[in-house]
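Structure first, commentary second.
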Amino acid sequence: MLDLNRLKALHAVHVYGSVGAAADALMVTPSAVSQQIAKLERETGSRLMERNGRGVRLTDAAGLLAEHAERILALVETAEADFEALRGEVVGKLHVGSFPTAARGLMPPALGTLRERHPDLLVQLNEREPERVVREVARGELDLGVVQDWLNRPMAIPDGLSKAILLDDIADVILPADHALAGRKEIELAELSGERWISSSPGTICHDWLVYTLRSADLEPEIVSMADEYPTQMALVAGGLGCAIVPRLGRDCMPSRVRAIPTLPRQTRRIYAIWRTDAARRPAIRAMVEALKEAGTLS
């Protein structure tokens, strides 16, 4: 009988391409992954990994077994979801991933609600960027994810995933308090020609969105500082180093020396939960989504 944990280790190496990356995904040590695969080799009587330079690669036999493992693990997940749905109990463990702003702004009240209503459910929260959350939910490494995109630049969600909108989060321009436009009630983006900008890191959703949005308004952004956390961006604005566009969910500690001005048109990002459609019958998934929606109404 093939051991499921050993199949899971082999499948992770197949998906991520190395023992180290598989260990990170499974949140165990590389040694533990190697030991599981060594035991699987003894069970199957086949060589599954071989040296390849400084690393290792899977053999043809391992590739074949990994493909079967993917189907087996999917069936096990479906069986577990069906059994939980039959019992109707919100119990067990839920692996959840969330991008940083939602991890700070939505998760604390949502997890507090779950703890009160369903004390036998253990939720493990992992902070991730949205693209990584989508990948890990699709692969089954996370049970549920909280992600975001922008209404003018939506993110594709793979087949096999379901989603529920949690809230629409409006973003405003953040200006130094002594800026010439700081007293305005609204600002058109075109009026910010020549400004210097503070942005998230290149390659992140928010950086790519900012560049896309400013160029759509015929502005070529001059990005002078980059910080991934919105409080840091606002602190840089307060220091007179530039301006930024910050969603309201990320403005829990806005400095006194800045002003937030709505834009025309409004800049809005959509925050939603995603999960594998096959797991939708799990009461724990439904309870988590409900708690997140309630947290969204408070934001």
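Numbers here are sequence positions counted from 1. Both backbone and side-chain heavy atoms feed into the values below; hydrogens, waters and symmetry mates do not.
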Pairs satisfying ring pair (Phe, Tyr, Trp, His ring centres under 6.0 Å), at least one member in residues 158-186, at least two apart: none
Ala103 versus Ser98, closest heavy-atom pair with distance: N-OG, 3.1 Å
N-O pairing of Lys93 and Asp143 below 4.0 Å: no
N-O pairing of Glu294 and Arg117 below 4.0 Å: yes
ILVMFWY network linking Ile271 to Leu292, side-chain heavy atoms under 4.5 angstrom: yes
Within-4.5 Å side-chain heavy-atom neighbours: Tyr272 and Ile157: yes
Residues Ser201 and His207: side-chain donor-acceptor under 3.5 angstrom: no
Taking every non-hydrogen atom, the tightest pair across Gln233 and Ser199: NE2-C, 3.7 Å
Check ion pair Glu186-Arg266 (N to O, under 4.0 angstrom): yes
Residue pairs fulfilling ring pair (Phe, Tyr, Trp, His ring centres under 6.0 Å) with at least one residue in residues 92-128, sequence neighbours excluded: none
Single-linkage hydrophobic cluster Leu167~Trp275, side-chain heavy atoms < 4.5 angstrom: yes
Arg248/Asp172 ion pair, N-O < 4.0 Å: yes
Closest approach of Gly105 to Leu249 (non-hydrogen atoms, all atoms of both residues): CA-CD1, 4.2 Å
Electrostatic pair Glu136-Arg132, nearest N-O below 4.0 angstrom: yes
Lys8 and Glu141 ion-paired at < 4.0 Å: no
Under-4.0 Å salt bridge between Asp169 and Arg270: no
Residues Glu191 and Arg184 bridged, charged N to O under 4.0 Å: yes
Single-linkage hydrophobic cluster Leu111~Ile285, side-chain heavy atoms < 4.5 angstrom: yes
Salt bridge Arg269-Asp149, side-chain N to carboxylate O under 4.0 Å: no
